[in-house]
Each structure stands twice: as structure tokens, then as C-alpha cells.
Undergrad: 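Supplied in C-alpha cells, the structure appears directly below.
Note that the structure is predicted; figures quoted are calculated from it, not measured.
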Amino acid sequence: MSDVAAQVWAALRTSPRLVATAVRDATRVQMAVAAATAVPVAVLVGVATVLIPNDVFSREVAPVAWNYPTLLVTAVLSGLLAATYVRTDSSSHNSETADPAGAPPSRTDGLGPIGVVFSWFAVGCPVCNKLAVLALGYSGALTWFAPLQPVLALAGIALLWTALAVRLNNQRSCRLPRHHRASAA
């Protein structure tokens, strides 16, 4: 098993506990960052896909029931993931290889944004998606792309969850020692 696969598997095995602990132990700043990320993600994706009705965008195919929970879970996971990048008191900032929150760089860092994009395509109107219509035509978008949207939703949420789990696992297992300055008297 590759290094990345082993890292992802270890994170996913313990992820529910890690996420619960991270939410419980979050600082005020982390909570603010989570909210400041989740709300814009929900609004941007919701407005652009017309899950939030607006006069700017239109939708030819009505939303289905699973679109709203997908939007909500995507926004919440995006906020939680963003909060993992906030430095906490126990994080060190003395390493060039660690990010500000104390976790080492990972090849899984791009999973979060990819997960949001997958979720965006999942909750959008299948015939309003220019890429799907260009590749498959109008009827092809309804026939082929629309049935794949729930799979995209699950994949997007899974990518976000995996990114969050790996970040939290790395922060827990790869903490850098905190350097204490000698007080000058």
C-alpha cells in the first residue's frame, strides 16, 4: 500500500472520533473560520445552482430532495476543513515544512476543493451544465448525466470527508514540539 493510501486509510478509520473531538475542542477563531467558510460555500453553490431561488440564475430541471442535504453537508465539511488551517495554541510555527495549523504537507490537500466542485456539479441542473450539454447534448445530459449526479454528490462528500480526516489525523499524529522562549529578566 502506498504512503498516501496508508495515510488516508489510517485517517478514515478514526475519522468520526477525530471530527467529533475537533468540533468539541475548536477555538473561537476556528469556529468563526468554519462559519465564515461554510456560509459563503452554501450561498455561492446554492445561488449558482438555484437551490436558493434568485433572479440571476435559472434552472430548467427542478431540484430533487437530495440536493439540499448535499449542499448542507458540503458547506459544513468545507467549513470544518477550513478551520483545520487555523493555528491553535498547541501548534508550532517554527517549521518550514508544516502549515500554520501544525500539520505537515500532504498529497491529499487538493481533495477539499475537488470535493466542492463535485458537489457543485451534483446539485446543479443537469441541462444547465454547459459541459454536460456540450459533451452529451440536451437529451444526453438528462439521460446520462442526471443519473450520475447522486454519485458525484457522494464522491464530493467523500472527498471532503477524506480531506478533513487526513488533516485532523496529521495534526494529531504529527505535532511539532512547541518551543518555549526563556523569559528575560
Side-chain angles (χ1 to χ4, degrees), residues 3-4 6-49 51-52 54 67-123 152-185:
D3 219 18
V4 173
Q7 179 184 24
V8 168
W9 178 247
L12 289 175
R13 274 196 335 255
T14 60
S15 61
R17 183 175 35 82
L18 288 173
V19 172
T21 302
V23 170
R24 184 191 69 222
D25 297 341
T27 65
R28 289 184 195 273
V29 174
Q30 287 174 316
M31 289 186 275
V33 167
T37 302
V39 170
V41 167
V43 169
L44 286 172
V45 175
V47 167
T49 60
L51 293 178
I52 299 173
N54 63 81
N67 288 161
Y68 295 98
T70 299
L71 175 63
L72 180 65
V73 171
T74 298
V76 168
L77 289 176
S78 297
L80 291 173
L81 182 59
T84 66
Y85 288 90
V86 175
R87 182 184 310 279
T88 61
D89 290 339
S90 61
S91 298
S92 173
H93 61 280
N94 296 325
S95 172
E96 293 179 10
T97 61
D99 73 12
S106 171
R107 287 189 240 166
T108 60
D109 282 347
L111 295 180
I114 294 169
V116 172
V117 170
F118 275 30
S119 295
W120 184 315
F121 282 121
V123 299
L152 281 175
L154 291 174
I157 290 169
L159 288 170
L160 278 163
W161 183 266
T162 302
L164 178 61
V166 169
R167 288 278 310 162
L168 292 172
N169 191 54
N170 286 350
Q171 285 178 341
R172 181 190 64 149
S173 63
C174 297
R175 288 214 186 268
L176 298 173
R178 194 162 182 213
H179 297 282
H180 297 285
R181 294 183 184 167
S183 59

Undergrad: Thr162 versus Leu159: any side-chain heavy-atom pair under 4.5 Å?
TA: no
Undergrad: Name the residue from Val23, Asp25, Leu18 that meets the side chain to side chain contact (heavy atoms under 4.5 Å, CB included) definition with Thr21.
TA: Asp25
Undergrad: Of the non-hydrogen atoms in Ala153 and Ser119, which two are nearest, and what is the gap between them?
TA: O-OG, 4.4 Å
Undergrad: Output the distance between atom OG1 (Thr70) and atom CZ (Phe118), rounded to the nearest 0.5 Å.
TA: 14.0 Å
Undergrad: Give the C-alpha distance, both sets of side-chain angles, the deciding distance and a yes or no for side chain to side chain contact (heavy atoms under 4.5 Å, CB included) between Ile157 and Leu160.
TA: CA-CA 5 Å; Ile157 290 169; Leu160 278 163; 5.5 Å; no
Undergrad: Starting at CZ of Arg167, measure out to CG of Leu164 and round the result to the nearest 0.5 Å.
TA: 9.5 Å
Undergrad: Rounded to the nearest 0.5 Å, how far apart are OG1 of Thr37 and CG of Leu80?
TA: 9.5 Å
Undergrad: Out of curiosity, Thr27 OG1 to Gln30 CD, how far, rounded to the nearest 0.5 Å?
TA: 3.5 Å
Undergrad: Looking only at non-hydrogen atoms, find the nearest pair between Val41 and Ala75 and report the distance.
TA: CG1-CA, 3.9 Å
Undergrad: What I'd like to find out is whether the side chain of Val19 reaches to under 4.5 Å of the side chain of Trp161, using heavy atoms alone.
TA: yes
Undergrad: Tell me the closest heavy-atom pair linking Ala83 and Ala34, and the distance in Å.
TA: CB-CB, 4.1 Å
Undergrad: OG1 of Thr74 to CH2 of Trp120: how many Å apart, nearest 0.5 Å?
TA: 11.5 Å
Undergrad: Look up atom CG in Asn67 and atom CG in Leu72, then write down how far apart they are to the nearest 0.5 Å.
TA: 12.5 Å
Undergrad: Search all heavy atoms of Ile52 against all heavy atoms of Ala42 and return the closest pair with its distance.
TA: CD1-O, 3.8 Å
